[in-house]
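Here is the structure we will look at.
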Amino acid sequence: MSEKSGWVNPLRDPLDRRLPRIAGPSGLVIFGVTGDLSRKKLMPAVYDLASRGLLPPGFSLVGFARRDWADEDFAQVVHDAVREHARTPFREEVWLQLAKGMRFIPGDFSDDEAFGKLKATVEELDKAQGTGGNFAFYLSVPPKFFPTVVQQLKAHSLSKAPSGSWRRAVIEKPFGHDLASAEELNRVVHEVFAPDEVFRIDHYLGKETVQNILALRFANTLFEPIWNRSYVDHVQITMAEDIGIGGRAGYYDGIGAARDVIQNHLLQLLALTAMEEPASFDAVNLVTEKLKVFKAVRLPDDLGRFTVRAQYTAGWQGGGKAVGYLQEEGIDSHSRTDTYAAVKLEIDNRRWAGVPFYLRTGKRLGRRVTEIAVVFQRAPHSPFDSMATEELGHNALVIRVQPDEGVTMRFGSKVPGTSMELRDVTMDFAYGQSFTESSPEAYERLILDVLLGDANLFPRTEEVEESWRILDPIEEFWESSGRPAQYPAGTWGPKEADEMLARDGRSWRRP
Ligand code: BG6
């Protein structure tokens, strides 16, 4: 094929999106480096990026925490975290290269001397490692520390980029616990960093399968014509976890399932499933379309009948006994925190009017699975005998976010034999079978995007605020409505959630 026919030689096109995107000179400063997230996700992701050749040779990693560590101690902590949690095999040469750029600053967030030292370290790294003044500050700390940390960065002239370089703030959830607190956090952060310098992490957007929702919908002709109220009966978005709250009592109690994952991960999945095609695949256009969805979301009039919150009680899981939520270490025995939440939402626009979106999530459920099931209406007319179609369910397209990443299509088919009998069958796409490469971890993708300044996969201020606007009335209603329902650990949630769908003549899928 010639270039005249529209084919562009990728070797000649520097903007070819298929070529690996490699970060330029830069460094990452992590606040809260002793936390779980940092050890299990951030440090391994940095190593995996280095191992894949996607970081610049002088990449630098600075840890900041209240520990009496020297640089070597910090490097050892990173080393152990990488050995235990990295996705790619450990290679000594990659490690040695990475370790050259590791520094540690002991101190707490109000410690001016420590921030002075951070400033000096950043300048030292610019000289020794060639980081070029480009630094991202990752706030892997509880939100109550955001104001102090960003103000300290400002006070020590770390937030302002020297000319020709960049400075960025990366912020982990929870981003507030309601609209008012989210607005306040946004105000505090934007006092110091401009909107395009702030990268809010919703790690679900870094998952390959989540990005594939847009590929599936907008790169094909097959699905989009039926992706609307004329064909779709309802949508179920499930994020089920088999784990309990582990050692996270301090964070989780008082927050609960809805604030922990519906406000962010599940509403993002809903937006990607429901949004219109963006004018282009860039941050501004993506946000524009997602925001339209959030603004069109309508809560049920009767929150008592169409939302459910519950807590797990003792039960069995994975062959072992599991204690109830109220017996978990560090949990107040009168806590009303939800470990399970289910809500029915509608989207008031031309595409979706009248199509319910059921969202549910929970800890200590039957198994770990996240999926989006688009359930289609039954055929308007069936020429088959009603006995022949007795076993037939609804057609469904299921996007399996995790595990067993892929897409399943369910439809009716004739059972072999002399009679006409129809039954549901499935057609499957599995990432593991269709591609040889394994999927990068969400944090690899997101950290790389921060270093590249690519904001597509990061929720903007308005999205965060709109999603709290959706959740706040539900939380307020729950606050005033007695104790949560209950479900035994290891089951698929409370009976109240089944009753909620039964009221609409539907039932939850058993993934
Ligand atoms: C986090 C929540 O955002 O997502 C956790 O705070 C939850 O409670 C986790 O366990 C689940 O992430 P993943 O990627 O394992 O589905």
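Note that these values count all heavy atoms, side chains included, but never hydrogens, waters or copies made by symmetry. Heads up: numbering here begins at 1 and tracks the sequence. Start at 1 and go down the list; that is how both ligands and their atoms are numbered.
- Proximity of a side-chain donor or acceptor of D454 to a complementary backbone N or O of N456 within less than 3.5 Å is detected.
- Using a distance-only test at 3.5 Å, with no hydrogens or angles considered, a donor-acceptor pair links the side chain of R217 to the main chain of L272.
- Of the charged side-chain nitrogens involved, at least one lies within less than 4.0 Å of a carboxylate oxygen, so that K173 and D260 count as a salt-bridged pair.
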Atom pairs and distances, ligand 1 N/O vs protein N/O under 3.5 Å:
unit_1, atom_1, unit_2, atom_2, d
ligand 1, 3 (O), K173, NZ, 2.8
ligand 1, 3 (O), H265, NE2, 2.7
ligand 1, 6 (O), K173, NZ, 2.8
ligand 1, 6 (O), R248, NH2, 2.9
ligand 1, 6 (O), D260, OD1, 2.6
ligand 1, 6 (O), D260, OD2, 3.3
ligand 1, 8 (O), R248, NH1, 2.8
ligand 1, 8 (O), D260, OD2, 2.6
ligand 1, 8 (O), K363, NZ, 2.7
ligand 1, 10 (O), E241, OE1, 3.3
ligand 1, 10 (O), E241, OE2, 2.5
ligand 1, 10 (O), K363, NZ, 3.1
ligand 1, 12 (O), H203, NE2, 3.1
ligand 1, 14 (O), H203, NE2, 2.8
ligand 1, 14 (O), K207, NZ, 2.6
ligand 1, 15 (O), R368, NH2, 3.3
ligand 1, 16 (O), Y204, OH, 2.5
ligand 1, 16 (O), Q402, NE2, 2.6

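- Taking 4.0 Å as the cut-off between side-chain N and carboxylate O, R400 and D404 do not count as a salt-bridged pair.
- Ion pairing between E466 and R469 holds under the 4.0 Å rule for side-chain N and carboxylate O.
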Self-check item: Residues E371, R509; criterion salt bridge (charged side-chain N to carboxylate O under 4.0 Å, His left out); working and verdict
Solution: CA-CA 10 Å; E371 62 163 47; R509 286 169 44 79; 2.7 Å; yes
